[in-house]
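Encoded as structure tokens, the structure appears first; notes follow it.
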Number of protein chains: 2
Amino acid sequence: MLPSYQHNALIEQKDTSLITTACGTCSNARCLIKKNLNSAAVNTFTKHRKEIRCKKGQQFIMEGAPVTGLFFLLKGTVKVLRTGLHGKEQIVRFAKEGEIIGHRGFGTEESYPIGAIALEDSLLCYFSKDILQEVLHTDPTFTYGLMLFYANELNKSEVKVKSLSQMTVRERIIDTLLYVNRKFGQNNGFIALVLSRREYADYAGTTEEQVIRVLSALKKEHLITTKGKRIGIVHLDLLKKEISEHNFYLDS
Amino acid sequence: MLPSYQHNALIEQKDTSLITTACGTCSNARCLIKKNLNSAAVNTFTKHRKEIRCKKGQQFIMEGAPVTGLFFLLKGTVKVLRTGLHGKEQIVRFAKEGEIIGHRGFGTEESYPIGAIALEDSLLCYFSKDILQEVLHTDPTFTYGLMLFYANELNKSEVKVKSLSQMTVRERIIDTLLYVNRKFGQNNGFIALVLSRREYADYAGTTEEQVIRVLSALKKEHLITTKGKRIGIVHLDLLKKEISEHNFYLDS
DNA sequence: TAAAAACTAAGTATTACTACTTAATGAGGA
DNA sequence: TCCTCATTAAGTAGTAATACTTAGTTTTTA
């Protein structure tokens, strides 16, 4: 819970495989800041940007720690989670390049309601809450953009509420497979983002054994293939069809 | 799905029990517009406010209908829901005075992802999307306020995701009882908002029978009392204790 | 080659489904 | 205004389906 975790991450700047870029030359077209660079306020505030490197497995937002600012994921993959009863993780979402992380700390919250852990070596842009709030109070277009982002996140979350209360475990696992596949794509015939069975369970709201059992069944039905942790989708159409009745199409 | 439902509601202005008030003299301190009346842009735009009356049971937002604007609940109670598989309702939340309804239509959505039904005769303030967007693009404080509202809604929704995937049915029902009690208070020893067992089930993500069974059990344990539809909470502390491990405190 | 993760299977608990009875509510007519 | 009937909702119980727990073995990964 100590706030020094950010500094720890900041110091480790040895790895040169991740290239540092300023907002002006940043390749990340999906970034909200990049989209609003023509605004004077936004442009000024990018000067206060800090870069944070995270190694695989490193937690850069601690659940319950005071809110200091907002992160933009420049490169890498991150899982966002809440801790439940007996330490059981509820994975809220998986984030990729260009996405905002830590925005749940805004609002009335004093502390981050979520934790964030890098799933691979990642590069983050960081802006302090103070600086951000200044821009949000002066540039309505930027604020409106962030507001729309929240609105979309809210819709996604509520769709997930519905799916958790109305889908079976099998359906939720299929749904999770499709979500990860849609968002992160494939690589050599396998879903590009490699997750453990436990992580699938923590996202789908079930247990590791259930995930294993359902994946075994899907394998027997020749709908997927597996090789160790990696999962390949064979019949995307049939999997989609199985959950189509719930018309649950959640992008990103 | 026809857009004329609003006009139907608008015409029925016979009932005089609900008093019409303009934003300036409005008693609703919790309303976001009321809070921002000192802004010129907000003040001007309140002139475009329309008042809509809804009778008990009337649906004033149809799921899937094109987004036309935003509602502020001036008086009454409303349930917000999503329709799932086989017409099963998922109640997203119960809204009371001062709350915003239909905000889920903002974002990339073209149509309302939710439906809204009045649980009692209600009075709504309505603002068209066009007018609203104009203010949102000019007044950053108002936009920031709405953004914070979304941020809080997002937190609530994600807490609900966690509760659905980690709580038992009994816990979820207790949690729902506490939520409704906290939000709507008591009346003659019973929870002021009277809901059907089905509505409790649709909110808690279970079946009507399970709700009845759990309520019967709670009654036998002398934790609650019931009289017809009405439910009285006897031992608030014990009920709270039972779900305290999940540290699930969701206000409003 | 340890350690971690995947996988299997049996037993248990929980939850949903089906079918039914009983109580409460509301509308129309005397 | 009260009564009756129809309708709606509450409540009960047994069964089937689903999901979780536990305890183990095998495979994969670092």
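Within every chain, numbering begins at 1; the chains are lettered A, B, ... in the order of the sequence lines, protein sequences first and strands thereafter.
The main-chain N or O of A:Phe184 is never found under 3.5 Å from a side-chain atom of A:Lys96 such that the two would form a donor-acceptor pair. A side-chain donor-acceptor contact under 3.5 Å links B:Glu63 to the backbone of B:Thr83.
Not counting sequence neighbours, the partners of A:Ser165 by the side-chain hydrogen bond (donor to acceptor under 3.5 Å, both in side chains) test are B:Gln90. Under the salt bridge (Lys or Arg N to Asp or Glu O under 4.0 Å) criterion, A:Arg104 pairs with A:Glu153, B:Glu158, not counting sequence neighbours. B:Glu171 pairs by the side-chain hydrogen bond (donor to acceptor under 3.5 Å, both in side chains) definition with B:Thr168, B:His246, not counting sequence neighbours. Shown here are the side chain to side chain contact (heavy atoms under 4.5 Å, CB included) partners of B:Ala116, two or more places apart in sequence or in another chain: B:Phe60, B:Ile61, B:Val78, B:Ile101. Under the side-chain hydrogen bond (donor to acceptor under 3.5 Å, both in side chains) criterion, B:Thr77 pairs with B:Glu120, sequence neighbours left out.
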Given protein heavy atoms under 4.0 Å, the one-letter contact record of nucleotides 7-14 of chain C, with B base, S sugar-phosphate only and - none, is simply BBBB----
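Each side-chain hydrogen bond (donor to acceptor under 3.5 Å, both in side chains) pair with one or both residues in residues 209-222 of chain B, not counting sequence neighbours, appears once here: B:Arg170-B:Glu221, B:Lys219-B:Thr226. Each salt bridge (Lys or Arg N to Asp or Glu O under 4.0 Å) pair with one or both residues in residues 190-201 of chain A, not counting sequence neighbours, appears once here: A:Lys79-A:Glu199, A:Arg198-A:Asp202, A:Arg198-A:Glu208.
Between A:Lys227 atom NZ and C:dA5 atom C1' there is a gap of 17 Å when expressed in whole angstrom units. The nearest whole Å value for the distance from the CD atom in B:Gln166 to the P atom in C:dT15 is 14 Å.
Residues B:Val159 and A:Arg82 form a side-chain contact, since some pair of their non-hydrogen atoms from C-beta on lies under 4.5 Å apart. Looking at heavy atoms from C-beta onward, A:Leu218 lies in side-chain contact with A:Leu177 at the 4.5 angstrom threshold.
Classification of the B:Tyr179-B:Tyr203 ring pair by plane angle, with boundaries at 30° and 60°, yields parallel.
In the 5' to 3' direction, nucleotides of DNA chain D lying under 4.0 Å from heavy atoms of chain B begin and end at D:dA10 to D:dG14.
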Could you go through residues 227-238 of chain B and list every donor-acceptor pair under 3.5 Å that involves a side-chain atom there, pairing it with any protein atom two or more places apart or in another chain?
none

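Within the helix from C:dT1-D:dA30 to C:dA30-D:dT1, the inter-axis angle between the opening and closing five-pair segments is 60°, rounded to 10°.
When the side-chain nitrogen and oxygen atoms of B:Thr206 are compared with OP1 and OP2 of C:dA16, one or more of them lie within a distance under 4.0 Å. Neither OP1 nor OP2 of C:dT15 sits under 4.0 Å from any side-chain N or O of B:Gln210.
Heavy-atom distances under 4.0 Å link DNA chain D to B:Ser196 of residues 185-196 of chain B, given in residue order.
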